[in-house]
Amino acid sequence: MDKQQTQKRIEKLKNLINHHRYLYHVLDTQEISDEALDSLKKELFDLEQQYPELVTPDSPTQRVGGAPLKEFKKIKHQERMLSLNDAFSKEDMEEWLKRISKLLTPKEQQNVDFYCELKIDGLAIELEYEHGVLKTASTRGDGTVGEDITQNIKTVQSIPLSIHNSKFLIYDSTFVVRGEIFLSKKEFNAINKIQKEKGLPLYANPRNVAAGSVRQLDPAITAERRLDSFAYDILGEANINTHEKKHTLLHDLGFKINTHNQYCASLKEVIHFHEQAQKLREKLPYEIDGVVIIVNNNSLYEKLGVVGKTPRGAIAFKFPQNQTTTKVLDIKVQVGRTGAMTPVAILEPVALSGITISRATLHNEDEIKRLGLKMGDTVIVGRAGDVIPNVIKVLPELRVGQEKNFIMPRYCPSCKTKLEKTEGDVVWRCPNEKCFARQRRSFYHFVSKAAFNIEGLGPKIIDRLLDEGLVSDPADLFELQEGDLAGIERFAEKSAENLITSISEKKELPLARFIYALGIRNIGQETAADLALHFGSLEKLKSARLEDFDAIANIGPVVAASVHAWFGQKENIRFLDKLLKHGVVVKNPAKKAGGPLTGRIFIFTGTLESIDRNLAKEKVRDLGGQTTESVSANVDFLVAGLNPGSKLSRAQKLGVKIIHEKEFLDLLT
Ligand code: IVH
């Protein structure tokens with residue numbers, strides 16, 4: 001972006017951020033996530049860093065909090081209540097240190113150390129004590145003037161109403177303390193449970209409730225909420241030379257301080273603290289959204305000063321975001337294995353959940369319409385769990401007029417065949433069975449873990465093998481020689497040898513895997529296993545008539561038609577023959593006169609530690625049992641590994657017996 005474009009972008013960002021901040025801070029409502037808003041603020045901050053002359057006094061980076069509510073008395077803060085800039089990565093932190101180091105002498109640079117605190121997801125308050133007695137409590141407000149919430153804050157049990165430590169009476173005990181008011185996860189859940197019972201809307205997060213609770217006009221309501229506090233700063237204590245010592249003093253005065261906070265001598269230690277805090281996060285009884293890093297030496301902190309409304313000497317080092325904002329540069333259509341066209345957003349690379357992403361799935365044409373997405377739009381992207389990132393929301397406010405509508409192609413981008421869509425379906429498909437892009441996908445599927453499971457043969461290498469013309473279908477793999485690979489650029493001898501070995505090791509496989517590997521539409525692992533068990537051999541499956549499928553439990557007419565049609569095609573039979581000719585051996589399932597697990601249905605969720613999940617499923621079937629992918633009351637056992645998914649809670653609701661890996665392994669023996 002040149003300067004003029006940047007200026008336009010800054011204007012739009014400012015308006016959008018102000019809109020959402022108003023909703024959030026003044027009206028206590030929320031349209032986009034905190035994470036998405038943080039991401040927009042970060043972009044604005046970065047652009048302003050690039051062009052400091054474009055910073056205006058009304059920029060959101062120059063203001064803190066919202067305007068005070070009308071109903072409360074106003075309190076002017078003795079010193080402005082500042083806010084913090086955000087960092088999201090190690091690189092951001094290194095940049096921060098570089099930025100501040102420039103303002104220090106070489107000697108000072110050598111001595112910079114840090115105090116690191118958990119960043120509590122609550123709201124900031126200021127407490128004024130006069131002669132040892134709490135006189136006022138106020139919210140941050142706009143940073144200069146806040147709302148008088150003294151009566152409400154007096155209901156918070158962890159805040160001392162007066163100071164009793166006689167050691168400190170020498171100070172006349174007139175000082176200002178700052179800290180965070182928050183609600184524990186437990187209290188939050190209890191409050192939401194009541195909301196639900198009353199049919200009222202649920203609160204988004206503990207911070208919203210805490211903010212709402214301290215701004216109650218009736219302190220009795222605040223008292224019910226059982227708010228808690230951590231103190232993190234004390235003003236006007238000139239004799240204290242480090243931030244760490246301020247915390248000790250706060251503790252001695254009777255305030256609650258966070259015991260996880262820690263001194264760090266170097267940036268390396270800071271990074272480590274951040275990692276540890278992330279691990280601790282789940283276990284804590286309250287929400288944190290990052291850590292706060294403060295230059296420990298108070299005089300250096302003062303020397304670094306303030307820019308806008310944030311101190312240079314402190315920064316919020318946030319945890320990886322599960323939502324962020326970025327730009328959609330383009331929308332491409334990907335051809336799937338079954339010919340399905342999936343539109344994919346090509347993104348300006350951005351960090352999400354700790355890794356950089358450049359693509360997000362858009363699922364189908366209807367989804368693009370639903371989102372109202374145009375190419376060039378700024379969007380909120382997110383990811384839930386391990387799934388592929390997706391576009392959550394478009395921010396049309398940031399458009400400049402050059403965004404382009406996406407038009408779903410009528411022809412396959414790979415083979416140019418006219419696309420088809422059956423009635424009621426949302427997906428466009430390439431009907432050409434020989435479409436190169438479809439074949440490429442089938443190829444990836446063929447070697448994947450649950451199919452032939454050829455280690456070291458990922459999409460990149462397959463692409464190269466295809467591009468170099470070394471293979472034209474998966475059957476060719478089994479004829480490949482080490483020397484064939486030598487010609488491929490950057491393919492080391494050792495990896496060529498390894499690849500050839502792993503291909504030959506996987507020549508022999510059970511019928512169920514083989515059927516799955518063929519990539520027939522509608523045939524997942526479970527169906528492939530059912531077919532294998534029923535027909536018992538490839539020959540029988542190949543020659544089955546459509547009506548022969550009727551007798552198989554779990555197999556409906558759509559699946560039957562799909563399998564039957566596949567085996568009815570000459571090219572497919574030729575491909576099967578080629579595989580067998582190239583040495584593939586298909587092992588038929590043993591005829592079971594009822595194994596020990598006969599009649600038992602298993603479902604798996606989470607990671608198993610000592611056995612591969614596909615292998616576990618095979619073992620179940622070998623012993624006469626069945627496996628499934630969908631939870632129902634018919635399931636006998638759910639095997640829960642590490643980090644189980646949503647299947648677990650559904651199974652619990654249905655009363656399915658839950659077993660863990662050890663018990664499962666016991667069942668097998
Ligand atoms: S130190 C200049 N320490 O995070 C502000 N803040 O924008 C220095 N917060 O407004 C604040 N936990 O409400 C500090 N341990 C902590 C904190 C913390 C939460 C909040 C605070 C502040 C915001 C940063």
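Both counts, for ligands and for their atoms, begin at 1 and track the order of listing. Quick caveat: nothing in here was measured; it's all calculated off a predicted structure.
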Colleague: Is R215 salt-bridged to E147, cutoff N-O under 4.0 Å?
Modeller: yes

Colleague: Could you tell me, atom by atom, which parts of ligand 1 come under 4.0 Å of a heavy atom of R140?
Modeller: 10 (O)

Colleague: Let me see the working for Y286 and F182 under ring-ring contact (aromatic ring centres under 6.0 Å, His included), right down to the final yes or no.
Modeller: CA-CA 8 Å; Y286 46 83; F182 65 94; 5.3 Å; yes

Colleague: Please check whether V292 reaches ligand 1 - meaning an N/O of the residue sits under 3.5 Å from an N/O of the ligand, judged on distance alone.
Modeller: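 No; the residue has no nitrogen or oxygen that sits under 3.5 Å from a nitrogen or oxygen of the ligand.
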
Colleague: For the residue pair F255 and Y129, does the interplanar ring angle fall in the parallel (under 30°), tilted (30 to 60°) or perpendicular (over 60°) class?
Modeller: perpendicular

Colleague: What part of D121, side chain from CB on, backbone N/CA/C/O, both or neither, has a heavy atom under 4.0 Å from ligand 1?
Modeller: neither

Colleague: Hey, which atoms in ligand 1 end up nearer than 4.0 Å to a heavy atom of L82?
Modeller: 2 (C), 5 (C)

Colleague: Run the salt-bridge test on E53 and K3 with the 4.0 Å N-O cut-off and return the result as yes or no.
Modeller: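 Counted as a salt bridge, because a side-chain N and a carboxylate O are separated by less than 4.0 Å.
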
Colleague: For a 4.5 angstrom cut-off between non-hydrogen side-chain atoms, does I10 reach Q7?
Modeller: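 No; the side chains remain at least 4.5 Å from each other.
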
Colleague: Report the relative orientation of the aromatic rings in F319 and H274; use parallel for angles under 30°, tilted for 30 to 60°, perpendicular for over 60°.
Modeller: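 Plane angle between 30° and 60°, so tilted.
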
Colleague: Taking heavy atoms and a distance under 4.0 Å, where does E180 meet ligand 1: side chain, backbone, both or neither?
Modeller: side chain

Colleague: Can you confirm if the aromatic rings of H247 and H251 lie within a centre distance of less than 6.0 Å?
Modeller: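 No, too far apart.
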
Colleague: List every atom of ligand 1 that sits less than 4.0 Å from any heavy atom of S83, numbering the atoms from 1 in the order shown and giving each element.
Modeller: 2 (C), 7 (O)

Colleague: Please compare Y115, Y232, F230 and report which has the shortest non-hydrogen distance to atom 17 (C) of ligand 1.
Modeller: Y232

Colleague: By number and element, which atoms of ligand 1 are closer than 4.0 Å to a non-hydrogen atom of E117?
Modeller: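 So the atoms of ligand 1 that pass are 3 (N), 15 (N), 16 (C).
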
Colleague: Enumerate the atoms of ligand 1 whose separation from the nearest heavy atom of P311 is less than 4.0 angstrom.
Modeller: 2 (C)

Colleague: Using a strict cut-off of 4.0 Å, indicate which atoms of ligand 1 neighbour a heavy atom of A124.
Modeller: 13 (O)

